[in-house]
Amino acid sequence: MIKYYHYTSTESSYMKLLLLIPALFLAKALLSQHPGINKAWNDSVYVADARIQIHDLKKYTAVYTDSSNMISIEEMSSEKFSNRFRPLSTMVQPAQPYITYWLKISISALGAIDNWWLLLYDDPADKNYHAENSYVDAWFLNNVHVVTEHQRTGILVPRSQKAIKENLRLNRILFSAKAGETKYVYLRVYNEFGPDIISSPQLRDPIAGVPGKEPELWIIFGSGGAFFFAIISFFFYFFVKEKAYLYFGLYALTLSQHYLIVHSYLPFVSWYIPEHPHLVMPAFFFLTISGFIFFALFGRSFINLPQLSKRLDTIFKWVIAFWIATLITTVVLITATHRVRFTEVNFIFVLLFLIFLIRIAFFKSILIRVFVAGALWLLCFSILGFLWERVPLSLPFNPWPTGQLGQLLIYAAGLAYKVRLNEKARAHAEIVKIRNVELAGLYEQSKKQKEEIEVQKKNAEEALVELKAAQTQLIQSEKMASLGELTAGIAHEIQNPLNFVNNFSEVNKELVDELQQELRAGKLDDAIVISNDIKENEEKINHHGKRADAIVKGMLQHSRRRNSIKEPTDINKLADEIFRLAYHGLRAKDKSFNVTMKTDYDENIGNINIIPQDIGRVLLNLCNNAFYAVCPPTSQGGIKNPEKGYEPTVWVKTSLNLLQPGGGGAGICISVRDNGPGIPPAIVDKIFQPFFTTKPAGQGTGLGLSLSYDIVKAHGGELRVETSNAEGTEFVVQLPDI
């Protein structure tokens, strides 16, 4: 610490002279450290006077280039690298991207410094202090070169990791030192965007404020104007439904946002992914390239390119697809590698677009001229903007927002003119429509009818194929259901003779034992009586065995006949067999099922030529429906004998009859009648329609009566129904006696 002494006038002049000489040397040393007064050299210690708010440190900063990007702070602060630094002021070449630069500064505080800014900027002459450092790490070392503090900043560092979180784009770290304390500062700077001038450090009192003109009004003006055009375009698109307004609005929206997303020092821009700033550049490229795509789509719709030239429109579509692929590739690469990749694809696209503009300029259309004028306007001001940023060029305006807002104004006027043209075209079309309404109407009507006929024909063919497939499947299901019902009845029928066979066999076994006892006892008369009983039982066993054999043979005969050939059949026997099998099949499913069965067969009927399995299926279906009508299953909510004194009854009758009343030719009539509630008149005409059923969902296919009707018709007969609420329902099958 430097102490200042003051002597009074009472001391001797000799003593004053002795003290004055070292005081002069001390004052000279202090003044040499004052900014602008002391001599700068590479490893000198900069003495910061707290009374001065701004200290430029470039002359007192040393720099080292780390091409490996792998040197740590421990290595950099060691003796190994102490002689490899060189003065920053001697470097004139731009900084290359993806290379680390180390800055070394030694700062001694003349007075106490509390939370000042150690700020990085590009050029002292540039009052905007526009530094583009991606990552900056600052280490503070004490006199023995031990790290005492570490801070981070940079435009790609998340906000939560920064020492100063306001104004995200300024590269600032906090610097504090006690009076007389010396701090050794090492700054590691890594840039992903370049080339650019290596940033220089500056020590700044926060009272001096934020350097530069922030926020820049041209950014707000340009973004706000573009956003206004976007909102207006979306509004018009909602009412006009013109795609040009939609693409124009999207183009203006991307223009407004791509400005803001890279100017993070604007207050409202800090909402853009502050914890993931590495996504800002992919988002910027996404918005920029998307803007080009929307601009191209707007031009295609604005000038109506498909109608103008189909060949140009095809080429244009390929260019748009190529640009979309470029957009996806660029954004993915930047996001994955965190490195900006400028390719010649951008220049190729601009060149192709210029060729396209020159080509369409030969078409004589006001809309095309407006589109070309807007595109060239933006191109000229973009070139002017590049020159304005890279060479000393004094302009009274910023060329970027001027060019883009000027282009938006040109296209807004063009869209308004296009709406006017569209209105005129609509009015002219109405006049033409009135004059040619009949001819156009007839032509359109015939064309639509032809198209509808073709569509209906195609739909009918597809529906027919699907219907045939469904019908085949359902018919097979119906056949299997009929076979299941027959099997249940047959099983019940076989059970009865089997019970007789088993019972008489047990009795014969006991009689044989008694016969043996009588024979041993010598009672021949009793033995003869017992043997007669055994003989009678054997005859009964034989009878019931043949009965079971006949049932099994009938079942096999029914299941094996698949040739659909008519053969002589005893219709009375077939009807009786089916009637009993249907009854026993339902009894096998529901033991509580009980119906009175009555038959009346005409014995004069001989054999008739029919397909027995098909007619059997018809009779089975009619019998099952009759049983269901008089005694619904309890599992489906049916009530047995709902009325006192009611006896559910089903009749099956056969008779010889005229095929048609009053006509010639004999026929066979088979009727199945029940005393159920009858069929309601509203649905009696629908019962023979396919898929129509009155049973609960999942309990019937609705194909039974439809298939029965088709089978009877195929035999040359007729199936009709007579129903009444008081007398029940009767189905009559009339077959020719052939």
Side-chain angles (χ1 to χ4, degrees), residues 225-226 228-256 287-327 345-383 403-430 432:
F228 171 77
F229 278 110
I231 297 299
I232 295 299
S233 297
F234 291 145
F235 177 79
F236 275 98
Y237 172 73
F238 180 77
F239 289 99
V240 180
K241 301 301 181 183
E242 177 72 36
K243 286 186 177 180
Y245 277 105
L246 175 62
Y247 295 133
F248 181 70
L250 293 172
Y251 172 55
L253 184 63
T254 55
L255 282 183
S256 68
L287 291 171
T288 303
I289 302 176
S290 297
F292 289 147
I293 295 174
F294 291 135
F295 173 65
L297 292 174
F298 159 73
R300 177 175 180 268
S301 178
F302 180 75
I303 66 176
N304 199 4
L305 185 60
Q307 185 176 4
L308 188 68
S309 173
K310 292 184 178 180
R311 177 179 297 179
L312 281 179
D313 185 59
T314 302
I315 298 174
F316 195 82
K317 289 179 180 178
W318 281 105
V319 173
I320 292 296
F322 169 74
W323 197 242
I324 292 175
T326 303
L327 165 65
V345 174
N346 304 314
F347 302 103
I348 294 175
F349 180 79
V350 173
L351 179 62
L352 292 175
F353 191 70
L354 286 176
I355 296 174
F356 170 75
L357 291 178
I358 295 173
R359 176 65 184 87
I360 64 173
F362 289 96
F363 292 97
K364 295 180 180 180
S365 171
I366 296 179
L367 293 178
I368 293 178
R369 294 175 182 175
V370 170
F371 179 72
V372 173
L376 294 179
W377 174 281
L378 179 62
L379 179 63
C380 293
F381 276 87
S382 298
I383 296 174
Q404 291 175 344
L405 290 181
Q407 182 198 41
L408 294 179
L409 285 172
I410 292 174
Y411 288 152
L415 285 170
Y417 178 74
K418 185 175 183 180
V419 171
R420 184 180 177 184
L421 289 180
N422 290 340
E423 292 297 329
K424 290 183 177 180
R426 291 191 187 97
H428 181 70
E430 289 295 329
V432 174

At what distance, to the nearest 0.5 angstrom, does CZ of F234 lie from CG of L253? 5.5 Å
Ignoring hydrogens and geometry, is there a side-chain-to-backbone donor-acceptor pair from S301 to F298 under 3.5 Å? no
Which atom of G249 lies closest to which atom of A230, heavy atoms considered: O-CB, 3.4 Å
Taking everything shown except K310 itself, do over 12 heavy atoms lie less than 6.0 Å from its NZ? no
So, taking the atom named CZ in F236 and the one named CD1 in I232, what distance separates them when rounded to the nearest 0.5 Å? 6.5 Å
Would you confirm whether Y411, through its side chain, and A375, through its main-chain N or O, come within 3.5 Å as a donor-acceptor pair? yes
Least distance between heavy atoms, Q407 atom then F295 atom: NE2-CE1, 3.3 Å
Check F363 against L312 and note the closest heavy-atom contact, atom names and distance. CE1-CD1, 4.0 Å
Work out which heavy atom in A373 is nearest to a heavy atom in I410; give both atom names and the distance. O-CD1, 4.4 Å
Flag the pair I320 / F316 as yes when at least one side-chain heavy-atom distance between them is below 4.5 Å, and no otherwise. yes
Measure from the side-chain N and O atoms of Y237 to the backbone N and O of K243, and report whether any donor-acceptor pair falls under 3.5 Å. no
Before you tell me yes or no, could you show the steps for L297 and L250 under side-chain contact (heavy atoms from CB on, under 4.5 Å), namely the whole-Å CA-CA distance, both residues' side-chain angles and the distance that decides it to 0.1 Å? CA-CA 10 Å; L297 292 174; L250 293 172; over 6 Å; no
Check whether any side-chain heavy atom of L367 sits under 4.5 Å from a side-chain heavy atom of N304, and report yes or no. no
If you count the non-hydrogen atoms of other residues, nucleotides and ligands that lie under 6.0 Å from CZ in F381, is the total more than 12? yes
To the nearest 0.5 angstrom, please state how far the NZ atom of K418 sits from the CZ atom of F302. 6.5 Å
Are any non-hydrogen side-chain atoms of L405 and F228 less than 4.5 angstrom apart? no
As an exercise, state the distance from CZ of F371 to CG of L376, rounded to the nearest 0.5 Å. 9.5 Å
Are L408 and L255 side-chain neighbours, meaning at least one heavy-atom pair lies under 4.5 Å? yes
Should L409 and F229 be marked as a side-chain contact (heavy atoms from CB on, under 4.5 Å) after you check the CA-CA gap, both sets of side-chain angles, and the distance that decides it? CA-CA 9 Å; L409 285 172; F229 278 110; 3.3 Å; yes
Closest non-hydrogen atom pair, P306 against D313: CG-OD1, 3.6 Å
Do the ring centers of F322 and W318 come within less than 6.0 Å of each other? no
About how many Å separate CZ of F294 and OG1 of T254, when rounded to the nearest 0.5 Å? 6.5 Å
Between G414 and V370 the two heavy atoms that sit nearest each other are CA-CG1, 3.9 Å
